[in-house]
There are 2 protein chains.
Amino acid sequence: MNTPNRPPTIADVARQAGVSIATVSRVLNGSTPVVGETAERVQEAIRALKYVPRTAARVLASRRTNTIGLLLPEISDAFFSPMLRGIEAAAREAGFDLLIHVTGEPSSASRAHPPLGEHNTDGLLIFTDSLEADEIERLHMLGLPLVLMHQSVAGYEIPTITIENKDGAFRIVDHLIKVHGRRRIVYLRGPERHEDSLWRERGYCEALEANGLPVDEELIRVGAFDRQTAEAAVGEMIARGVDFDAVFSGDDESALGVFTALQAAGRRIPDDVAVVGFDDVPFAPFLAPALTTVRAPIEQVGREAVRQLVRLIRGEQAEALTLLPTEVIVRNSCGCK
Amino acid sequence: MNTPNRPPTIADVARQAGVSIATVSRVLNGSTPVVGETAERVQEAIRALKYVPRTAARVLASRRTNTIGLLLPEISDAFFSPMLRGIEAAAREAGFDLLIHVTGEPSSASRAHPPLGEHNTDGLLIFTDSLEADEIERLHMLGLPLVLMHQSVAGYEIPTITIENKDGAFRIVDHLIKVHGRRRIVYLRGPERHEDSLWRERGYCEALEANGLPVDEELIRVGAFDRQTAEAAVGEMIARGVDFDAVFSGDDESALGVFTALQAAGRRIPDDVAVVGFDDVPFAPFLAPALTTVRAPIEQVGREAVRQLVRLIRGEQAEALTLLPTEVIVRNSCGCK
DNA sequence: GCGCTTTCTGAAAGCGCTTACATCATTATA
DNA sequence: TATAATGATGTAAGCGCTTTCAGAAAGCGC
């Protein structure tokens, strides 16, 4: 804090109120009673001096940061806005500051050594694919409270918040088959090792099998939960003459790419190819046609993750696994009207 | 940091390497040369102990937080994703952590006393409508580096990053008039006192006047840059039989609400009513019809704001005003095909 | 009046680190 | 050979706060 004008410290407040710095601290923190008249004098001095306690000093002396860290692999996908809203609001309600770090691509040094950890937070929220397993283990061994989102780990107990991926995927693919008679359904996978994606693929496969359809590897491609990757994947399938009558795009961001590729190839949605997504991000109802998708309670995932982390920080017990329900949201892109 | 297992400190590293803690600090920070063999021993001890320096101690001793604070009024609008991406990336490149706080509604206590300031950051990025003028003044008087985004203040020199609102608005309204012959154009205002909104309204009015059209107060409503508010405003105009053939929605999020209201009322876009927005958020091309809008270089605003703030933090001179250009992006909602 | 308990407050230690200043050893120069 | 300069390292102070422990005063019961 390189300010030319030195902000007031606790010593300035103590001097003005005519008490010790211990008393000022007590008034600030309510940790020990202070008689009314003394407390009044202290409050008045705080007001007059516009005193704001220095966070670093508090953290160092109390050994608590009052900060929650959040690690994300990226931030631009429309999926993250509602989740951030949920996390930010819940952290604030619980009296914690939120420090967000985006680790970036898989090769990024941040994944092995992120600038968030036991040194500057009371606990970490870790979104899937944002931190290496070794570092998760190190932090867990140190006893730093951790909560995983959309990811689980084997071998040790870290609370996990996730959603009903498989069930949601099963039901939306079942809808395509049963209600719209689709038989050649593409699945666009998410990023490699992305746990949500693995479960969604399993739901997709189970829906096919439950309806007596074979799982055709030619219909399973990589969309990486990314608009451009999905667009390229579908574009390539079309160019190679692969026969399909529906696309389950893995997430809504990919669905945008699917729309683009189909429209570029003159395929009508949903007449020629039905398209369904996953997540129900804010723009989904406004697409042309309005996207049929699985609603993931994204904001709720964020809120619940903070709740569990705060319990851990306070030394309470947290739920090992919190599974939030998904829901098929039928709009127009599947063929319903 | 309530860990049952105490993480290693600099003293542990010093003991293991057989040097003083000052030498360890020097190796860590490269502030003073340390001979190769000694430095090697220190690095090895750091690795073996998996030592991570405690941020609070560094901040307190060095009087620098290496943290940039960002204040936003909200976070769920699609506008903020690209901006966060720009800010986050630029902060990381400059070696700063980013601490984000969302102040919430106008009545929120956070606006007067946010949990970000001189006590825990080296500088603040302040997005318009996120912090009260009194607090901006207090922080400025303390000498805390500040950069404003999409907002300016009179009376003292705080660097400002903003975009060509008026010019962009003028050109898109001009396009509606000149190319599509629209004569009854609605403007949906942003939140009260929102500077971008004021300039956009001015551009709107000037375009009308430049084309010999009167400014009709009945056509100026409040959309508050919010989907539901915009939907309600347009719905009310329709219910009251107000005649209009175009809507300039103020921002893209509001355009979603305009679309909804028009479609609910059986008005065809753009045949009956043309709709144009502002910002060119990621979903704009995918709407039905694809939204004609003014592209604001959102991510670049974020990047540039960090650049200027970092200059201030380093004691360098920053630009007083940075005005980034906007560009009309013609798609289909205005009537072009 | 005496002894014990409770309440309130101040002094002091210390959280983990940075860095100024002092010291020592080595090298270069006169 | 003596002196000065340079480089590397250690000691100690202190950043701003929290909290433990000690002491004083007041109140209560016998």
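A, B, ... follow the sequence lines: proteins, then strands. Residue 1 opens every chain. Predicted model only: the values in this text are computed from it and were never measured.
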Quick one: closest heavy-atom pair of Ile10(A) and Ile21(A), and the distance? CD1-O, 3.7 Å
Heavy atoms under 4.0 Å, any strand shown: does Val24(B) hit a base, just sugar-phosphate, or nothing? nothing
Hydrogens and angles aside, do His150(A) and Asp196(A) bring a side-chain donor and acceptor to less than 3.5 Å of each other? yes
Do the two ring centres, one from Phe225(A) and one from Phe79(A), sit under 6.0 Å apart? no
Here the side-chain hydrogen bond (donor to acceptor under 3.5 Å, both in side chains) pairs for residues 85-99 of chain A, sequence neighbours left out, are Arg85(A)-Glu299(A), Arg85(A)-Ser76(B), Glu88(A)-Arg92(A), Glu93(A)-Arg303(A)
Side-chain touch Glu74(B)/Asp226(B), heavy atoms, less than 4.5 angstrom: no
In a table with atom names and distances, give each donor-acceptor pair under 3.5 Å that connects a side chain of residues 154-162 of chain A to protein atoms at least two apart or in another chain.
from	atom 1	to	atom 2	distance (Å)
Thr160(A)	OG1	Gln151(A)	O	3.4
Thr160(A)	OG1	Ile158(A)	O	3.2

Taking all heavy atoms of Thr32(B) and all of Arg26(B), pick out the closest pair and write down the distance. CB-CD, 3.6 Å
Show me the protein contacts with nucleotides 19-22 of chain D, counting only N or O atoms at under 3.5 Å.
from	atom 1	to	atom 2	distance (Å)
dT20(D)	O4	Arg26(A)	NH2	3.2

Flag the pair Glu44(B) and Arg41(B) as a salt bridge only when some basic side-chain nitrogen lies within less than 4.0 angstrom of an acidic carboxylate oxygen. no
Do Val27(A) and Thr38(A) make a side-chain contact, defined as non-hydrogen atoms from C-beta onward lying under 4.5 Å apart? no
Tell me, which of residues 8-16 of chain B have any heavy atom that sits under 4.0 Å from an atom in DNA chain D? none
Using Watson-Crick or G-U wobble pairs with both distances under 3.5 Å, give me DNA chain D in dot-bracket, 5' to 3', with [ ] for crossers and | for pairs to another strand. ||||||||||||||||||||||||||||||
Minimum side-chain heavy-atom gap Leu84(A)-Ile100(A) below 4.5 Å: yes
Give a yes or no on whether a salt bridge exists between Asp12(A) and Arg6(A), defined as a side-chain N under 4.0 angstrom from a carboxylate O. yes
Any ion pair linking Glu319(A) and Arg307(A) (charged N to carboxylate O, less than 4.0 Å)? no
What are the bounds, 5' to 3', of the part of DNA chain C that sits under 4.0 Å from heavy atoms of chain B? dG16(C) to dA20(C)
